[in-house]
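Right, one structure below, let's go through it.
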2 protein chains.
Amino acid sequence: MSAEKNLTSVRRARDTGEGKDKAAARDELRTAILSGEYMPGERLVEAQLIERFGVSRFNIRLALQDLSGEGLVEIQRNRGAQVRKISLAETIEITQVRMVLEGLVAAQAAERVTDAQASELDEIGLLMRRAVESGEFRRYSDLNQRLHGLIRTIAGHATADRLIGTLRAQLARHQFMLSLLPGRPQTSLPQHERIITAIRERDPARAETAMREHIASVIEVLRSLEETGGHP
Amino acid sequence: MSAEKNLTSVRRARDTGEGKDKAAARDELRTAILSGEYMPGERLVEAQLIERFGVSRFNIRLALQDLSGEGLVEIQRNRGAQVRKISLAETIEITQVRMVLEGLVAAQAAERVTDAQASELDEIGLLMRRAVESGEFRRYSDLNQRLHGLIRTIAGHATADRLIGTLRAQLARHQFMLSLLPGRPQTSLPQHERIITAIRERDPARAETAMREHIASVIEVLRSLEETGGHP
DNA sequence: CGTCACTTCTTTGTTGACAATCTTGCGCGA
DNA sequence: TCGCGCAAGATTGTCAACAAAGAAGTGACG
């Protein structure tokens with residue numbers, strides 16, 4: 001059962017120059033955490049992870065170390081690792097950082113977008129509108145991710161891209177909840193359309209403003225949760 | 001000679017909950033890299049580091065792993081670690097990210113500044129003006145760091161703070177060069193004063209704009225270097 | 001009945017040896 | 001002389017056993 005997995009992981013190890021099993025363990029464990037399989041605060045006992053992933057303890061520890069660097073896991077000396085808890089206050093901070101970073105990326109996307117990419121943006125916008133009109137919220141959420149991802153691709157800003165990726169991962173659980181709040185799609189759809197329009201018209205300043213307003217409205221929601229006592 | 005060092009590192013290990021020698025090795029190695037003791041591209045051979053820091057190989061590896069996460073070191077499988085080279089293009093990207101992050105921090109500082117902190121800002125501004133007038137560029141550079149640090153303290157934005165710290169570290173060498181460019185202080189002094197004024201008057205939007213203009217002018221300098229072929 | 005010290009067990013941290021890989025220097029032949 | 005393979009050395013990657021720390025259970029004492 002582990003033969004094929006070993007082969008692929010070895011293959012990738014050759015290509016990327018990473019520890020053969022460490023990378024596999026890290027990726028699988030990250031996926032497990034993001035999918036909610038391990039809850040925040042839950043202890044990650046090395047022996048259990050060894051059994052689950054079939055990887056040596058050495059590589060498990062390296063993987064945990066990596067995820068600690070990504071902010072998904074917290075390691076306490078002699079006390080092991082646990083899934084990091086992220087408070088609502090910290091969620092707001094992270095989203096604020098995402099706001100300015102994605103704003104930067106949107107501006108650069110507006111400077112670099114090609115005609116082909118512009119029509120791709122338009123298409124996503126169209127699909128989003130349809131999804132909202134027909135109440136397909138899950139599909140809308142997927143399109144949302146695809147839109148932000150495409151904008152990041154267009155911008156080609158590796159540094160911002162990497163940071164946004166790790167920040168988004170830390171909020172994976174919260175974002176999921178947010179997109180399901182009542183009225184959210186009706187609020188965010190026009191925001192998304194403004195972002196698309198600004199990038200398509202190659203207007204960096206307006207693209208940045210539109211992106212920031214969009215994420216600022218997410219922060220507003222988070223702040224309101226803070227007051228009504230909606231705990232993480 | 002290593003007795004006292006071991007004592008302090010053990011002490012800190014207890015307090016922070018980190019590996020006793022790993023943290024020491026990481027900090028010392030980072031300092032060595034930032035001070036230019038190891039040049040970009042230079043190989044960091046584990047055996048040498050063991051001898052230099054008097055730390056076990058295990059902890060040296062952990063330290064290298066950490067610094068890799070900070071972007072100071074690049075690790076290639078079976079080929080060891082080397083000081084990461086940062087191209088001019090990447091320097092620009094990193095500075096762009098710093099621009100938006102420090103802008104965010106400046107805005108939040110304007111919202112939270114106390115009267116005592118406001119006068120401290122004023123004082124730094126005064127000292128900066130004096131330093132420029134008397135041509136003390138080294139002192140001006142120090143005050144520059146102190147100003148940005150104070151703003152970050154006032155803002156109290158842990159997430160942005162941490163990211164800015166790692167980004168600044170990656171550029172440590174370049175920043176040093178930049179502050180010595182002819183005419184730089186005359187350009188940046190009024191920018192700094194505008195930042196101080198905006199924060200003191202508790203105007204977040206203007207504080208953010210001023211900070212971004214300040215760092216944008218750094219990016220302009222970098223872009224000009226890019227064209228004249230001023231290599232990293 | 002609660003609490004404190006002690007013991008036991010679980011879990012993590014560290015080390016040294018060994019294996020895999022890369023690099024370097026050498027010799028051979030064209 | 002130059003290029004090519006091969007072997008020796010250097011360097012990193014991995015593992016399994018051991019040491020140390022923390023957590024949990026136990027029993028005696030107030």
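Letters A, B, ... mirror the listed sequences (proteins, then strands); counts begin at 1.
- For the pair A:Ile60 CD1 and D:dT14 P, the computed distance is 13 Å after rounding to whole Å.
- Computed from coordinates, the A:Phe58 CZ to C:dA19 P distance equals 16 Å when rounded to whole Å.
- Residues passing the side-chain hydrogen bond (donor to acceptor under 3.5 Å, both in side chains) test with A:Arg30 are A:Asp27, A:Glu70, sequence neighbours excluded.
- Listed by chain and number, the residues in a side chain to side chain contact (heavy atoms under 4.5 Å, CB included) with A:Ala216 are A:Met99 (sequence neighbours excluded).
- When the side chain to side chain contact (heavy atoms under 4.5 Å, CB included) test is applied to B:Gln82, the partners found at least two apart in sequence or on another chain are B:Arg43, B:Glu74, B:Gln76.
- Between A:Asp142 and A:Arg146, none of the side-chain N atoms (NZ, or NE/NH1/NH2) sits under 4.0 Å from a carboxylate O, so this pair counts as no salt bridge.
- B:Ala118 meets the side chain to side chain contact (heavy atoms under 4.5 Å, CB included) test with B:Val113, B:Arg200; sequence neighbours excluded.
- Taking atom CD1 of residue A:Ile50 and atom P of nucleotide D:dT14, one finds them 15 Å apart after rounding to whole Å.
- Listed by first and then second residue, the ring-ring contact (aromatic ring centres under 6.0 Å, His included) pairs involving residues 74-105 of chain A amount to none (not counting sequence neighbours).
- In this structure, A:Lys22 atom NZ and D:dT12 atom P are separated by 15 Å, rounded to whole Å.
- Under 4.0 angstrom from either OP1 or OP2 of C:dT15 there lies at least one side-chain N or O belonging to B:Ser56.
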Is there any protein nitrogen or oxygen under 3.5 Å from a nitrogen or oxygen in nucleotides 10-12 of chain C, and what are the pairs?
{"unit_1": "C:dT12", "atom_1": "OP2", "unit_2": "A:Glu46", "atom_2": "N", "d": "3.1"}

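- Taking atom CG of residue B:Asn59 and atom P of nucleotide C:dT15, one finds them 6 Å apart after rounding to whole Å.
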